[in-house]
J.: 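Just dropping this structure here.
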Amino acid sequence: MEERLNFIEEIVEESIAKGQTEIHTRFPPEPNGYLHIGHAKSICLNFGTAKKYGGKCNLRFDDTNPVKEDVEYVDSIKADINWLGFMWSEEHYASDYFEQLYAWACELISKGLAYVDDQTQDEIRATRGTVQKAGTNSPWRERSVQENLALFADMRAGKFADGEKVLRAKIDMAHTNMSMRDPLMYRIIHTDHHRTGNKWCIYPMYDYAHGQSDSLEGITHSICTLEFDVHRPLYDWFIEKLGIFPSHQYEFARLNINYTVMSKRKLLQLVKENHVNGWDDPRMPTICGLRARGYTPASIRLFAEKVGVAKRDNVIDLSLLEWCLREDLNTTAQRRMAVLDPIKVVITSWPEGQTEMIDCVNNPEDEAAGMRAVEFGREVLIERGDFMENPPKKYYRLAPGTEVRLRYGYVIKCDEVIKDKDGVITELRCTHDPLSAHGATSDGRKVKGVIHWVSAARAVPIEVRLFDRLFMSEAPEASGNFLDNLNPDSMKIVTGYVEPTLAEAPVGTHFQFERLGYFIRTDRGFNKAVGLKDSWAKMAK
RNA sequence: UGAGCUAUGGUGUAAUGGUAACACAGCAGUUUUUGGUACUGCCUUUCCUGGUUCGAAUCCGGGUAGCUCAACCA
């Protein structure tokens, strides 16, 4: 089978052809939130590429802004990466490099390439110009090296208040690339850092920390998303002026999925305003949310592979993610019969008090999964949607006077429909074909419809949560307030009835409830992961 | 009145000057004790415009459209 390389892999192969012997990547999250499916794409790309070429991938926390970061996020990020099936070669923190970064800043000052600026934040903004208009030089731009060195030391020593001074790179205030207009290297923040405590009151900016961190770790391919494209000249500038290991940055388009909000700020809002029950709510696109929903690590890795890697903006169909889960679970999840919205069926031709154990296949895709026995008796529960009083043309299931097979059991025929005073069907009275066990019929006639059922006497009630997409709109972030697009029916909690064995299934086990779709056992009940292909829609018609 | 990035079916991604393909979605059918799975078929493609070339999705010129950049965020 011919192999398709994504463009990052092509770049890697190119560098190998040029003599690069070791490939080294990194995944560099800022510990200021939970990882989501978009990060999963980046994780698979970074760890996957390193693995494919026998290289290494580091985990590095970009913790240069103490006001937004927390150890809670560090821990969740590590857990999520592990859960996805990846392990980093080395664990680093940008904060571990603060001393080295400080020394390098002094070096740049000494070379006349950086200066301390006394301007206020507003003044700096005003003199930076616009995308169409050049900026103007700071009045403090030509300070002497000695003065800059002394001032920078004083900044570190805590002699100034927040915002009083910054360290800037001396590049070009008229550069067409805004990020090259004397970018800030350090700012003063008198806030404790989750790792360095109160040791520092000056913190490096992303641009001044990221490339050098890559360089220190010997990262050969620093892979990031498209919006950092304009930062690349600056990334290269610091490395060149410092004369350190030449890491290189490459950009790819971030993941977007329709009906899905991926912005960290908005996800935080959903959590804070209780539109969902936390970061790991099964409707969230976070890694932990997807896990709670029933997504497997393999399905997410498959998704990352299927969406590909390129540089153009994209919106992936949510159906692809769902297909990836079905693809994985189809071969691994055992099948069980369940009824979520029951109607009682009484088989009048079945002797009262008599029961029979029926063998059922656990997984038709996996013979090793074996068989199980389920009790059959005079009264069973079937899904309300599996019966229609006035069925349309292509309805294969039960209707007055028609036959249907109870899966692995007998063919039954509906003789009578019993309703309450409101006209709601409460019971179906049927007769069975006693010679119809094991797929046969007494006279060889074909019965196309096969429905699931549970024994009324043995069924165990369970709590089931049915999920739908969180947003109704295909592009929930397009309008002003994305909350206007919230789907009021994104979660329904119902009581379902299942085979007795399911009540003790271990937490985390996946099952396919025949016909209803894939579910995962949680500590509270069963979460619906995805439905069978289109089964919901078709059954609703 | 800037610079950079991008442009291939409905959605993604390949094709690296030589027959435009693969997946998802959709539609139809076969198999099936799941309206699942599997299999088969259909549907629908190179932003526009010049040029180079025997030959262009690919190279060149000119347009157009979308995205990114003016945090002491990352």
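Fair warning: this is a prediction, and the values are worked out from it, not measured in the lab.
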J.: So what does E474(A) touch, heavy atoms closer than 4.0 Å: a base, only the sugar-phosphate, or nothing?
T.: nothing
J.: Considering just the side-chain nitrogens and oxygens of R405(A), establish if one lies under 4.0 Å of OP1 or OP2 belonging to U34(B).
T.: no
J.: Using a 4.0 Å heavy-atom cut-off, does R128(A) contact any base of the nucleic acid, only the sugar-phosphate backbone, or nothing at all?
T.: sugar-phosphate
J.: Using a cut-off of strictly less than 4.0 Å between a heavy atom of the residue and any atom of RNA chain B, enumerate the qualifying residues of residues 168-182 of chain A by number.
T.: T176(A), M178(A)
J.: Using atom P of each nucleotide, how far apart are A70(B) and U49(B) to the nearest Å?
T.: 36 Å
J.: Of the candidate nucleotides G12(B), U1(B), A25(B), which contains the atom at the shortest distance from the side chain of V315(A)?
T.: G12(B)
J.: Looking at G36(B), I'd like to know if its phosphate oxygens (OP1 or OP2) sit under 4.0 Å from a side-chain N or O belonging to R335(A).
T.: no
J.: Take the protein atom OH of Y259(A) and the nucleotide atom C1' of A25(B), then report the distance between them rounded to whole Å.
T.: 12 Å
J.: Looking at D96(A) and R60(A), does any basic side-chain N land under 4.0 Å from a carboxylate oxygen?
T.: no
J.: Heavy atoms from C-beta onward define the side chain here; which of C5(B), C72(B), U1(B) lies closest to that of Q132(A)?
T.: U1(B)
J.: Indicate yes or no: at least one non-hydrogen side-chain atom of Q512(A) is less than 4.5 angstrom from one of L532(A).
T.: yes
J.: Can you classify the ring geometry of F376(A) versus W453(A) as parallel (below 30°), tilted (30 to 60°) or perpendicular (above 60°)?
T.: perpendicular
J.: NA contact type, M337(A), heavy-atom cut-off 4.0 Å: base, sugar-phosphate, or nothing?
T.: nothing
J.: Determine whether a donor-acceptor pair (one donor, one acceptor, N or O, separation below 3.5 Å) exists between the side chain of E365(A) and the base of G36(B).
T.: yes
J.: Which is true for L320(A) with a 4.0 Å heavy-atom rule: it touches a base, it touches only sugar-phosphate, or it touches nothing?
T.: sugar-phosphate
J.: Just checking V447(A): base, sugar-phosphate only, or nothing, at a heavy-atom cut-off of under 4.0 Å?
T.: nothing
J.: Looking at D313(A) and R254(A), is there a salt bridge between them, counting it only when a charged N and a carboxylate O are closer than 4.0 Å?
T.: no
J.: On the nucleotide U1(B), are OP1 or OP2 found under 4.0 Å from the side-chain N or O atoms that T130(A) carries?
T.: no
J.: Any chance the rings of Y102(A) and F152(A) have centres within less than 6.0 Å?
T.: yes
J.: Of the options U37(B), C22(B), G35(B), whose atoms approach the side-chain atoms of R326(A) most closely?
T.: U37(B)
J.: Is the side chain of Y186(A) donor-acceptor paired with the backbone N or O of V116(A) at a distance under 3.5 Å, no angle test?
T.: no
J.: What's Y186(A) touching, base or sugar-phosphate or nothing? Going by heavy atoms closer than 4.0 Å.
T.: nothing
J.: Any idea which of A25(B), C73(B), G36(B) is nearest the N330(A) side chain?
T.: G36(B)
J.: For the C1' atoms, the ones on G35(B) and on G55(B), what distance do you get once it is rounded to whole angstrom?
T.: 50 Å
J.: What integer number of Å spans the C1' atoms of U58(B) and U6(B)?
T.: 16 Å
J.: Quick one: does R397(A) reach the base of G35(B) with a side-chain donor-acceptor pair under 3.5 Å?
T.: yes
J.: Determine yes or no for a side-chain-to-main-chain donor-acceptor pair under 3.5 angstrom, with T260(A) supplying the side chain and N256(A) the backbone.
T.: no
J.: If anything within 90° of 0 is syn and all else is anti, what is A21(B)?
T.: anti
J.: Checking all strands, does P29(A) fall into the base, sugar-phosphate, or nothing category for heavy-atom contacts under 4.0 angstrom?
T.: nothing
J.: Please tell me which of G308(A) and E164(A) maps to the more 5' nucleotide of RNA chain B, matching each residue to the nucleotide holding its nearest heavy atom.
T.: G308(A)
J.: Between A71(B) and G66(B), how far apart are the two C1' atoms, rounded to whole Å?
T.: 25 Å
J.: Quick one: label T331(A) by what it contacts on the DNA or RNA (base, sugar-phosphate, nothing), any heavy atom closer than 4.0 Å.
T.: nothing
J.: To the nearest 0.5 Å, what is the distance between CG on L5(A) and NZ on K52(A)?
T.: 5.0 Å
J.: Under 4.0 Å, heavy atoms only, any strand: does Q512(A) hit a base, just the sugar-phosphate, or nothing?
T.: base
J.: On a whole-Å scale, what distance lies between the C1' atoms belonging to C54(B) and C42(B)?
T.: 35 Å
J.: Can you identify which nucleotide, out of G26(B), A74(B), U68(B), has its nearest atom closest to the K533(A) side chain?
T.: G26(B)
J.: When rounded to the nearest Å, what value does the distance between C1' atoms of A38(B) and U32(B) take?
T.: 9 Å
J.: Ignoring hydrogens, what is the shortest heavy-atom contact between I77(A) and E30(A)? Give both atom names and the distance.
T.: CD1-O, 4.2 Å
J.: Base, sugar-phosphate, or nothing: which does T120(A) touch, judged by heavy atoms less than 4.0 Å apart?
T.: base
J.: Of the nucleotides A23(B), G35(B), U34(B), which one has an atom closest to the side chain of Y395(A)?
T.: G35(B)
J.: To the side chain of Q121(A), which of U33(B), C72(B), U37(B) is closest?
T.: C72(B)
J.: Tell me what V307(A) touches on the nucleic acid: a base, only sugar-phosphate, or nothing, going by heavy atoms under 4.0 Å.
T.: sugar-phosphate
J.: Report the distance from atom NE2 of H39(A) to atom CE of M262(A), rounding to the nearest 0.5 Å.
T.: 9.5 Å
J.: So, does H510(A) use its side chain to make a donor-acceptor pair with the main chain of L329(A) at under 3.5 Å?
T.: no
J.: Among A38(B), U33(B), C72(B), which is the nearest nucleotide to the side chain of V450(A)?
T.: U33(B)
J.: In whole Å, what separates the P atom of G4(B) from that of A23(B)?
T.: 39 Å
J.: Are more than 12 heavy atoms from other residues, nucleotides or ligands located less than 6.0 Å from atom NZ of K264(A)?
T.: yes
J.: Any base atoms under 4.0 Å from K68(A), or only sugar-phosphate, or nothing? Heavy atoms, all strands.
T.: base
J.: For atom P, what is the distance between U64(B) and G10(B), given to the nearest Å?
T.: 25 Å
J.: Measuring from the side chain of Y408(A) (C-beta onward, heavy atoms only), which nucleotide among U33(B), A25(B), G36(B) has the closest atom?
T.: U33(B)
J.: State the CH2-CZ distance between W200(A) and R195(A), to the nearest 0.5 angstrom.
T.: 14.0 Å
J.: Go through C72(B), C22(B), A38(B) for me and flag the one nearest to the R4(A) side chain.
T.: C22(B)
J.: Over all strands shown, is K394(A) touching base, sugar-phosphate only, or nothing at heavy-atom distances under 4.0 angstrom?
T.: base
J.: When you check every protein heavy atom under 4.0 Å of nucleotides 43-48 of chain B, what one-letter string (B, S, -) results, 5' to 3'?
T.: ------
J.: Indicate yes or no for a side-chain donor-acceptor contact from R181(A) to the backbone of R128(A) under 3.5 Å, with no hydrogens or angles considered.
T.: yes
J.: Ignoring backbone atoms, test whether R125(A) places a side-chain nitrogen or oxygen under 4.0 Å from the OP1 or OP2 oxygen of A71(B).
T.: yes
J.: Would you call E164(A) and K159(A) a salt bridge, using N to O less than 4.0 angstrom?
T.: no
J.: Please, what dot-bracket string fits RNA chain B when only Watson-Crick and G-U pairs with both distances under 3.5 Å count, crossing ones use [ ] and pairs to another strand use |?
T.: .((((((..((((....[..)))).(((((.......)))))....(((((..]....))))))))))).....
J.: For H231(A) and for V131(A), locate the closest nucleotide of RNA chain B by heavy-atom distance; then report the residue assigned to the nucleotide nearer the 5' terminus.
T.: V131(A)
J.: Students often get this wrong, so: under 4.0 angstrom with heavy atoms, is E514(A) touching a base, only sugar-phosphate, or nothing?
T.: base
J.: Could you go step by step and tell me if F526(A) and F513(A) meet the ring-ring contact (aromatic ring centres under 6.0 Å, His included) rule?
T.: CA-CA 10 Å; F526(A) 285 83; F513(A) 286 180; 5.3 Å; yes
